[in-house]
A.B. asks: 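Please read through the structure below; I'll follow up with questions.
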Protein chains: 2
Amino acid sequence: MGSEIRRSMPVLPISIVMQLTDLTARQIRYYEEHNLVQPHRTEGNRRMFSLNDVDVLLEIKTMLERGTNMAGIKKVFAMKKRADTDGKKEISDRELRRIMREEMLQARSMQKTSIRQGNLSRFY
Amino acid sequence: MGSEIRRSMPVLPISIVMQLTDLTARQIRYYEEHNLVQPHRTEGNRRMFSLNDVDVLLEIKTMLERGTNMAGIKKVFAMKKRADTDGKKEISDRELRRIMREEMLQARSMQKTSIRQGNLSRFY
DNA sequence: TTTTCATGTTAGAAAACCTAACATCTTGTT
DNA sequence: AACAAGATGTTAGGTTTTCTAACATGAAAA
């Protein structure tokens with residue numbers, strides 16, 4: 001539904017995102033460098049984030065805390081995107097199994113993490 | 001519901017509120033001067049608005065466009081607050097009738113205004 | 001023990017925001 | 001018509017926030 005629009009509107013300055021995610025500006029910019037988020041830019045070049053961006057950042061945070069590194073995180077996100085775009089395609093079996101294992105680990109840890117899951121339901 | 005929390009979180013800088021409401025910074029600050037909105041302030045004294053604040057600003061805008069002045073708007077808001085807090089109380093009859101007339105006018109014009117009503121459903 | 005990875009820190013510049021004051025344009029009054 | 005009041009525009013000078021880029025560091029991998 002149209003709630004996609006709201007969640008993708010770039011309205012949050014980095015300072016607020018820092019508070020919402022408990023990440024430093026350095027971390028947020030670093031993840032952007034790795035193309036994990038692509039905040040909008042104002043005319044004056046200031047980053048503006050959407051709620052979806054915040055969600056992504058929280059997911060990244062959780063995975064990093066679980067020990068996953070940038071490379072792994074990138075793959076997970078690439079997966080998600082692919083599973084979303086295509087209806088699933090040519091993915092090497094080994095890779096698929098590794099990813100699934102990761103996703104399941106994430107899912108499990110989600111239940112215990114209680115406060116830092118990959119969504120903002122606690123704020124909304 | 002907890003969606004009250006989300007809508008009252010001060011996360012929007014004035015520049016974004018300007019876009020969302022199509023008001024100038026001058027106008028927004030002027031309405032604040034009249035205590036119609038009370039944005040949160042960062043440590044560095046920057047205003048931060050909530051979605052509720054944006055709603056209020058849109059209501060103000062509509063009423064002003066309809067010709068209601070600050071004084072009238074203040075009363076309408078005072079009414080709403082009172083009707084919310086108390087269960088309705090001692091209000092002079094003339095005043096009550098005047099206010100009701102205004103509210104009805106607002107309600108009617110709402111139907112035609114189409115895009116600038118006092119809510120953000122178009123964004124969400 | 002070297003690299004590599006993720007993050008900290010700092011410097012200098014630019015953008016966004018702030019308050020305060022004065023200007024302007026309507027509109028209602030006298 | 002002249003005036004007072006209300007709402008908004010504009011400007012100036014100052015402060016906060018954000019940006020990029022570079023270099024530093026601690027921990028883990030190789």
Side-chain angles (χ1 to χ4, degrees), chain A residues 9-50 53-54 56-77 98 102 116, chain B residues 9-50 53-54 56-78 98 102 105 116:
Chain A
M9 287 191 75
V11 296
L12 312 171
I14 198 169
S15 56
I16 294 295
V17 175
M18 289 171 66
Q19 299 175 189
L20 257 34
T21 61
D22 202 32
L23 290 169
T24 65
R26 182 69 169 88
Q27 289 175 300
I28 297 171
R29 298 194 190 109
Y30 182 69
Y31 306 151
E32 177 187 7
E33 233 170 65
H34 284 268
N35 293 300
L36 295 177
V37 282
Q38 33 277 151
H40 178 257
R41 294 294 184 122
T42 66
E43 284 191 12
N45 200 38
R46 266 79 227 275
R47 272 169 265 251
M48 281 297 166
F49 299 80
S50 69
D53 290 329
V54 175
V56 169
L57 289 171
L58 287 172
E59 289 188 56
I60 294 171
K61 183 174 187 179
T62 301
M63 298 177 84
L64 279 172
E65 284 170 347
R66 271 211 342 272
T68 312
N69 62 12
M70 286 290 109
I73 296 176
K74 284 185 190 177
K75 286 185 185 167
V76 172
F77 279 112
R98 191 178 40 64
E102 287 196 86
R116 341 211 96 119
Chain B
M9 286 192 76
V11 297
L12 312 171
I14 199 169
S15 57
I16 294 296
V17 174
M18 290 170 67
Q19 298 176 189
L20 258 33
T21 60
D22 202 32
L23 291 169
T24 65
R26 182 69 169 88
Q27 289 175 299
I28 296 171
R29 298 193 190 110
Y30 182 68
Y31 306 150
E32 178 187 5
E33 234 170 63
H34 284 268
N35 293 301
L36 295 177
V37 281
Q38 33 276 151
H40 178 255
R41 295 294 184 122
T42 65
E43 284 191 11
N45 200 38
R46 266 78 228 274
R47 273 170 264 254
M48 280 297 165
F49 300 78
S50 69
D53 290 330
V54 175
V56 169
L57 289 172
L58 286 172
E59 290 188 55
I60 294 171
K61 182 174 186 179
T62 301
M63 298 177 84
L64 280 172
E65 283 169 349
R66 270 208 347 271
T68 312
N69 62 10
M70 286 291 109
I73 295 177
K74 285 184 191 179
K75 286 186 186 166
V76 172
F77 279 112
R98 192 178 40 63
E102 287 197 86
L105 279 171
R116 340 212 97 116

A.B. asks: Does OP1 or OP2 of dA6(C) have a side-chain N or O of Tyr30(A) closer than 4.0 Å?
C.D. replies: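 So the side-chain polar atoms of Tyr30(A) do come within 4.0 Å of the phosphate oxygens OP1 or OP2 of dA6(C), strictly under.
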A.B. asks: Mind checking what makes side chain to side chain contact (heavy atoms under 4.5 Å, CB included) contact with Glu32(B), not counting sequence neighbours?
C.D. replies: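 Scan of Glu32(B) (side chain to side chain contact (heavy atoms under 4.5 Å, CB included), adjacent residues dropped) gives Val37(B), Pro39(B), Arg41(B), Arg47(B).
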A.B. asks: Which residues satisfy the side chain to side chain contact (heavy atoms under 4.5 Å, CB included) test with Ala25(B), sequence neighbours excluded?
C.D. replies: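 Only Ile14(B), Met18(B), Arg29(B) meet the side chain to side chain contact (heavy atoms under 4.5 Å, CB included) criterion with Ala25(B).
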A.B. asks: In whole angstrom, give the distance that lies between atom NE2 of His34(B) and atom C1' of dA5(D).
C.D. replies: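 Rounded to whole Å, this separation is 11 Å.
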A.B. asks: Between dA7(D) atom C1' and Leu64(B) atom CG, what is the distance in whole Å?
C.D. replies: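 Distance, rounded to whole Å: 8 Å.
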A.B. asks: When the distance from CG of Asn69(B) to P of dG28(C) is rounded to whole Å, what number comes out?
C.D. replies: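 These atoms are roughly 10 Å apart.
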A.B. asks: Can you list everything that forms a side-chain hydrogen bond (donor to acceptor under 3.5 Å, both in side chains) with Ser50(B)? Sequence neighbours excluded, please.
C.D. replies: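 Applying side-chain hydrogen bond (donor to acceptor under 3.5 Å, both in side chains) to Ser50(B) gives Asp53(B).
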A.B. asks: Could you state the CD1-C1' distance from Ile73(B) to dG6(D), rounded to the nearest angstrom?
C.D. replies: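 Interatomic distance, CD1 of Ile73(B) to C1' of dG6(D): 12 Å.
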A.B. asks: Quick one: side chain to side chain contact (heavy atoms under 4.5 Å, CB included) partners of Pro10(A), sequence neighbours excluded?
C.D. replies: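 Residues passing side chain to side chain contact (heavy atoms under 4.5 Å, CB included) with Pro10(A): His40(A), Met48(A).
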A.B. asks: Could you tell me which residues satisfy side-chain hydrogen bond (donor to acceptor under 3.5 Å, both in side chains) with Thr42(A), sequence neighbours excluded, listed by chain and number?
C.D. replies: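 If we apply the side-chain hydrogen bond (donor to acceptor under 3.5 Å, both in side chains) test to Thr42(A), skipping adjacent residues, there are no hits.
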A.B. asks: Whole-Å distance between dT26(C) P and Glu65(B) CD?
C.D. replies: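 Atom CD in Glu65(B) sits about 17 Å away from atom P in dT26(C).
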A.B. asks: How close or far is atom C1' of dT8(D) from atom CG of Asp22(B), stated in whole angstroms?
C.D. replies: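 Interatomic distance, CG of Asp22(B) to C1' of dT8(D): 14 Å.
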A.B. asks: For each nucleotide in nucleotides 16-30 of chain D, reading 5' to 3', give B when a protein heavy atom comes within less than 4.0 Å of its base, S when such contact involves only the sugar-phosphate, and - otherwise.
C.D. replies: BBBSB----------
A.B. asks: Distance-only, no hydrogens or angles: does the Gln19(A) side chain make a donor-acceptor pair with backbone N or O of Ile16(A) under 3.5 Å?
C.D. replies: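 No, the answer is negative, given that no donor and acceptor are paired below the 3.5 Å cut-off.
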A.B. asks: Starting at CD of Gln19(B) and ending at P of dA16(C), how long is that distance when rounded to a whole Å?
C.D. replies: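 So the two atoms are 11 Å apart, to the nearest Å.
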A.B. asks: Just to confirm, is there a sub-4.0 Å distance from OP1 or OP2 of dT8(D) to any side-chain nitrogen or oxygen of Tyr31(B)?
C.D. replies: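 Tyr31(B) to dT8(D) OP1/OP2: side-chain N or O found under 4.0 Å.
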